[in-house]
Amino acid sequence: MNIYILRWNPAISSYKMKAHLDIVSHVKRGKFPMGFDWSAREWEQLKVNDMFILLQVGTDNDGIAMVGKFCSEPYEDDSWRKDGKTIHYADMQLFDAFDLATETNMRAENFEKDIYIKWHGGHSGELLKEDVATALIEKIKAANKDSKRWEGSALEDFLKQEILVLNTMDNASELSLEEFHEEMKNYLHIYVEYKGADYAAVCGEDHNYWCFYKDEEEIGDVEGFENAFNYKFRDGKSINELYYEIRDDIEFM
C-alpha cells in the first residue's frame with residue numbers, strides 16, 4: 001500500500017472551509033460522502049486502496065485534515081484552477097476528517113519535529129517513502145491514543161479492508177451467494193456500474209452501518225451486514241440481484 005500526502009490551502013482551493021466543516025460533521029455521524037476526489041501530481045503509481053493523508057496548509061491551524069483511501073484509479077480531467085489545463089484526480093473514501101481549529105492533536109506542530117515533510121505548503125499528491133509513511137502512521141495512531149477518538153485498532157482495520165469495484169472481480173461465476181457474502185466481509189466500499197448508473201454501498205465500523213448511493217446521491221442507509229445485501233435501490237435492485245445479473249462478466253481484483 002502506497003501512502004500519499006495531499007495538500008489543501010482553503011484560501012485558494014475550490015474546496016472551501018465551510019464544505020470541509022460540513023464533511024467533518026457528517027463523518028462524525030458515520031455519513032461518508034460519495035463523489036469526493038482530489039488532484040494528485042505523482043499519480044503514476046497510485047491505485048485503488050492506497051492511503052491518503054490530506055494536509056491543511058496556509059492557515060493558522062495547519063495539520064492533518066483528512067485520512068482515508070483512494071477508491072478509484074487516477075483519471076484525467078479539467079484542472080480545478082480553471083486554467084485550461086488537465087490534471088489527474090482520484091476518488092476518495094474517507095476514514096476521518098478533522099476541524100483543526102478545535103482538534104489540536106492533529107495539528108502540524110505535533111508532527112513536524114519527527115516527520116520531515118512539507119507541513120505548510122507544497123504540491124498535492126506526494127508519494128511518501130516507506131520509512132516516512134510508517135513513522136507518520138505511528139504518530140497518527142499515537143495522537144489518537146491520546147484523544148481516544150477511535151476505538152482500538154479502527155485505523156488498522158480500515159487500512160486492511162479493501163474497496164471493491166464489483167465489475168472487476170475475478171472468479172465471480174464460481175462463487176455461491178454465501179461465498180460471495182463471505183468475500184464481501186473483506187471490503188468497506190462496494191461499487192457497481194450497472195446499465196449507465198453508478199451504485200455504491202459504503203460501510204461504517206464492523207459492517208454494522210451502511211449508506212447507499214446511486215449516481216453519488218445518498219438514497220438510504222441500513223443497519224447490519226445482511227441488510228446491506230438485501231437493500232433495494234430505487235430501481236428495485238439489491239446488491240444480491242446486481243451480483244447475480246453481472247456475475248458472469250466480472251472478476252475479483
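Side chains included, hydrogens not; waters and symmetry mates left out as well; all remaining heavy atoms used. Counting begins at 1 with the first residue of the sequence.
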For a side-chain contact (heavy atoms from CB on, under 4.5 Å) check, start with the C-alpha distance between Val202 and Tyr213, then their side-chain angles and the critical distance, and finish with the verdict. CA-CA 8 Å; Val202 181; Tyr213 300 84; 4.0 Å; yes
Which is it for Asn110 and Asn105 under the side chain to side chain donor-acceptor pair (under 3.5 Å) test, yes or no, and what are the steps along the way? CA-CA 7 Å; Asn110 300 310; Asn105 62 307; over 6 Å; no
Verify side-chain contact (heavy atoms from CB on, under 4.5 Å) between His181 and Glu226, making sure each step is shown before the conclusion. CA-CA 8 Å; His181 284 188; Glu226 291 301 322; 3.5 Å; yes
Evaluate the side-chain contact (heavy atoms from CB on, under 4.5 Å) criterion for residues Asp221 and Tyr209: first the C-alpha distance (whole Å), next the side-chain angles of each, then the deciding distance (0.1 Å), finally the verdict. CA-CA 7 Å; Asp221 54 78; Tyr209 177 76; 3.5 Å; yes
Does the side-chain contact (heavy atoms from CB on, under 4.5 Å) test come out yes or no for Ile137 and Met51, once each step is laid out? CA-CA 10 Å; Ile137 290 177; Met51 182 181 182; 3.9 Å; yes
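Taking 4.5 Å as the limit, every side-chain heavy atom of Glu109 sits out of range of all side-chain heavy atoms of Thr104. In this structure the side chain of Met92 never reaches within 4.5 angstrom of the side chain of Lys69, judged on heavy atoms. In this structure the side chain of Ile219 never reaches within 4.5 angstrom of the side chain of Tyr199, judged on heavy atoms. No side-chain heavy atom of Phe98 sits less than 4.5 Å from a side-chain heavy atom of Arg107. Side-chain contact between Ile117 and Leu55 is present, with at least one heavy-atom pair separated by less than 4.5 Å. Under the 4.5 Å side-chain criterion, counting only non-hydrogen atoms from C-beta, Asn2 is not in contact with Phe70. Annotation: side chain of Leu155 is not in contact with side chain of Asn144 (no heavy-atom distance under 4.5 Å). Between Ile5 and Arg7 there is a side-chain heavy-atom pair separated by less than 4.5 Å.
For the atom pair Leu159 CG and Met1 CE, the distance stands at 4.5 Å (nearest 0.5 Å). Of the inter-residue distances, the one linking Lys28 atom NZ with His26 atom NE2 reads 13.0 Å to the nearest 0.5 angstrom. Note that the CG atom of Asn230 and the CZ atom of Phe225 stand 10.5 Å from one another [nearest 0.5 Å]. The distance from the CG atom of Asp131 to the CG atom of Leu136 is 11.5 Å, given to the nearest 0.5 Å. Separation of atoms NZ (Lys129) and OG1 (Thr134) is listed at 13.5 Å; rounding is to 0.5 Å. Atoms CG and CD, from Leu128 and Glu42 in turn, are 9.0 Å apart once rounded to the nearest 0.5 Å.
Counting only N and O atoms by type, the side chains of Asp22 and Ser25 include no donor and acceptor under 3.5 Å apart.
Applying the ring pair (Phe, Tyr, Trp, His ring centres under 6.0 Å) rule to His88 yields the partners Trp43; only residues at least two apart in sequence or on another chain are considered. Checked against ring pair (Phe, Tyr, Trp, His ring centres under 6.0 Å), Phe212 has the following partners two or more places apart in sequence or in another chain: Tyr231, Phe233.
Pairing each heavy atom of Lys139 with each of Asp114, the nearest pair is NZ-OD2, 2.9 Å. When all heavy atoms of Leu46 and Glu73 are compared, the closest pair comes out as O-OE1, 3.6 Å. Scanning both residues, Ile3 and Ala133, for their nearest heavy atoms gives CD1-CB, 3.6 Å. Shown here for Pro74 and Ala90, the closest heavy-atom pair between the two residues is CA-CB, 4.5 Å. Here the shortest heavy-atom pairing between Ser72 and Asp91 reads OG-N, 2.9 Å. Minimum heavy-atom separation, Phe52 to Leu94: CZ-CD2, 3.6 Å.
For Glu217 (side chain) and Lys214 (main-chain N/O), no donor-acceptor pair under 3.5 Å exists by modelled atom type. Of the possible donor and acceptor atoms, none in the side chain of Asp78 sits under 3.5 Å from a partner among the backbone N and O of Thr86. Between the side chain of Asp62 and the backbone N or O of Ala108 there is no donor-acceptor pair closer than 3.5 Å. Lys82 places no side-chain N or O within 3.5 Å of a backbone atom of Ser79 that could act as its donor or acceptor partner.
Residue Glu76 places its CD atom among more than 12 non-hydrogen atoms of other residues, nucleotides or ligands, all under 6.0 Å distant. Few gaps surround CG on Asp83; more than 12 heavy atoms of other groups in view lie less than 6.0 Å from it. More than 12 heavy atoms of other residues, nucleotides or ligands lie within 6.0 Å of NZ in Lys16, so this atom counts as buried by the packing criterion.
Taking the six-membered ring for Trp and thresholds of 30 and 60 degrees, Trp8 and Trp38 have ring planes more than 60 degrees apart, a perpendicular arrangement.
Connection of Tyr15 to Val24 is not established within any shared hydrophobic cluster, with ILVMFWY side chains joined at heavy-atom distances below 4.5 Å, either directly or through further cluster members.
Clustering of Ile, Leu, Val, Met, Phe, Trp and Tyr side chains at separations under 4.5 Å places Trp80 together with Tyr75, Ile87, Tyr89.
Considering Glu103, Gln56, Met106 in turn, Gln56 is the only one that fulfils the side-chain contact (heavy atoms from CB on, under 4.5 Å) rule with Asn61.
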